[in-house]
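The next block holds one structure in the form of structure tokens; read it before the comments.
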Amino acid sequence: VQLQASGGGLVEAGGSLRISCAASSRIYSSYVMGWFRQAPGKEREFVAAIRWGSGIRYYEDSVRGRFTISKDSAKNTVYLQMNSLKPDDAAVYYCAAGTQYGTTPSSYRYWGQGTLVTVSS
């Protein structure tokens, strides 16, 4: 599975942005799609995930209530709607796919190239 992330950009604090991740092939119902982010000098951290078959969603505490992960099965695409953005949300955002849910990068087998989100204060 090849993943292509897009939609990053510059947004003011308090603003919103939606990033997307399109898969090159069908995403099977057994898969979990995740979003991670990595800021300069920091480790890659879990943001959100969604089980493709059931639609069950998971969020990291700091983004719960502000970010929404969703999917479009027909387009094999997963989205991350980010609202009330804060400067601390600035990072390169990566999408990932795997066959099990986890909050560590090692839980996911396939990775996209990342899309940069910059939040101005």
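By convention here, the first residue in the shown sequence is residue 1.
For A90 against A39, the heavy-atom pair with the smallest separation is O-CB, 3.8 Å. Here the closest heavy-atom approach between residue T77 and residue S20 is recorded as CG2-CB, 4.3 Å. Minimum interatomic distance between L80 and A48 (heavy atoms only, all atoms of both residues): CD1-CB, 4.2 Å. For E12 against S120, the heavy-atom pair with the smallest separation is CA-OG, 3.4 Å. For the pair V32 and A49, the tightest heavy-atom approach, listed with the atom from each and the gap, is CG1-CB, 4.0 Å. In plain terms, the two heavy atoms of S16 and N83 that are nearest each other are OG-OD1, 2.9 Å.
The distance from atom CZ of R109 to atom CD of Q100, rounded to the nearest 0.5 Å, is 12.0 Å. The CD1 atom of I69 sits 12.0 Å away from the OH atom of Y79 when rounded to the nearest 0.5 Å. Between R51 atom CZ and Y101 atom OH the span is 8.5 Å, to the nearest 0.5 Å. Rounding to the nearest 0.5 Å places CD of E60 at 9.0 Å from CZ of R66.
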**OP:** Would you please test S84 and K86 for side chain to side chain donor-acceptor pair (under 3.5 Å) and show each step?
**Re:** CA-CA 6 Å; S84 302; K86 305 175 182 179; over 6 Å; no
Subject >> Verdict with supporting geometry, W52 and V78, side chain to side chain contact (heavy atoms under 4.5 Å, CB included) >> reply: CA-CA 9 Å; W52 203 254; V78 61; 4.2 Å; yes
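A salt bridge links D61 with R64: the distance from a Lys NZ or Arg NE/NH1/NH2 to an Asp or Glu carboxylate oxygen falls below 4.0 Å.
Transitive grouping of hydrophobic side chains (ILVMFWY, heavy atoms separated by less than 4.5 Å) brings Y110 and I50 into a common cluster. In the hydrophobic cluster analysis, where Ile, Leu, Val, Met, Phe, Trp and Tyr join through side-chain heavy atoms closer than 4.5 angstrom, L3 is grouped together with V117. Clustering ILVMFWY residues whenever any of their side-chain heavy atoms sit less than 4.5 angstrom apart, transitively, puts V63 in a cluster other than the one holding L116. When hydrophobic clusters are built by joining Ile, Leu, Val, Met, Phe, Trp and Tyr residues whose side-chain heavy atoms come closer than 4.5 Å, directly or via intermediates, L17 is grouped together with Y93.
With contacts defined as side-chain heavy-atom distances shorter than 4.5 Å, the pair Y28/T99 does not qualify. Side chains of D89 and F67 form a contact here, defined as non-hydrogen atoms less than 4.5 Å apart. Considering only heavy atoms from C-beta on, V1 stays 4.5 Å or farther from M33 through its side chain. When side chains are defined from C-beta on, M82 does not count as touching V11, because their heavy atoms never get closer than 4.5 Å. Using a 4.5 Å heavy-atom cutoff, the side chains of I19 and W35 are in contact.
The aromatic rings of W111 and Y108 stand perpendicular to each other, their planes meeting at an angle above 60°, with 30° marking the opposite boundary.
Environment of CD in Q81: crowded, with over 12 heavy atoms of neighbouring residues, nucleotides or ligands closer than 6.0 Å. Within a 6.0 Å radius of CD in Q113, more than 12 heavy atoms belonging to other residues, nucleotides or ligands are found.
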